[in-house]
Amino acid sequence: MSTPMPHAPQVTTNERLVALDCLGCGRSHPVGDLTAGCPDCLVRGTPANLRCRYDGDPFGQLPLRGARTLGEGGTPLFPLPAELARTASRCG
């Protein structure tokens with residue numbers, strides 16, 4: 001006897017989310033279950049991701065003033081040794 005599958009949780013979206021815009025073709029799609037990306041691009045064989053478009057600030061009150069940080073940023077850049085640079089250029 002198999003165990004019944006539990007029900008999926010109720011999915012909610014940000015009420016300020018108004019559309020999903022394709023990064024490939026630029027078309028706008030209504031908010032929905034488009035987990036495979038842009039359906040138009042997918043049909044053409046060129047899958048593309050979608051970007052969420054919001055009405056106003058999606059998070060309410062930005063910028064956050066006095067927000068805590070972990071001290072991120074300022075990552076140093078070091079020159080790549082010549083031998084590695086040649087190898088990297090052949091890899092694409």
Side-chain angles (χ1 to χ4, degrees):
M1 183 162 120
S2 65
T3 307
M5 294 291 290
H7 293 286
Q10 176 72 26
V11 175
T12 59
T13 59
N14 186 320
E15 61 191 31
R16 295 181 179 168
L17 180 61
V18 294
L20 300 170
D21 298 330
C22 178
L23 296 174
C25 68
R27 290 192 177 109
S28 181
H29 300 280
V31 176
D33 186 16
L34 297 173
T35 55
C38 175
D40 299 323
C41 289
L42 194 59
V43 167
R44 289 194 307 271
T46 56
N49 290 330
L50 299 168
R51 173 181 41 228
C52 296
R53 182 168 20 111
Y54 295 93
D55 179 22
D57 178 7
F59 303 106
Q61 300 175 12
L62 288 180
L64 299 175
R65 300 191 197 300
R68 298 185 183 253
T69 83
L70 300 174
E72 58 275 0
T75 303
L77 299 176
F78 298 102
L80 190 61
E83 184 176 326
L84 289 176
R86 284 191 299 276
T87 302
S89 68
R90 284 183 287 192
C91 294

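FYI, the numbering just counts along the sequence from 1.
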Using side-chain contact (heavy atoms from CB on, under 4.5 Å), reason through Ser28 and Leu20 one step at a time and then give a plain yes or no. CA-CA 6 Å; Ser28 181; Leu20 300 170; over 6 Å; no
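- Shown here for Tyr54 and Val18, the closest heavy-atom pair between the two residues is C-CG2, 4.1 Å.
- Closest non-hydrogen pair, Cys41 versus Cys22, comes out as SG-SG, 3.6 Å.
- In this structure, CG on Asp21 lies 8.0 Å from CG on Leu50, to the nearest 0.5 angstrom.
- The number of heavy atoms from other shown groups lying within 6.0 Å of CG (Asn49) does not exceed 12.
- Here the closest heavy-atom approach between residue Arg53 and residue Leu17 is recorded as O-CD1, 3.5 Å.
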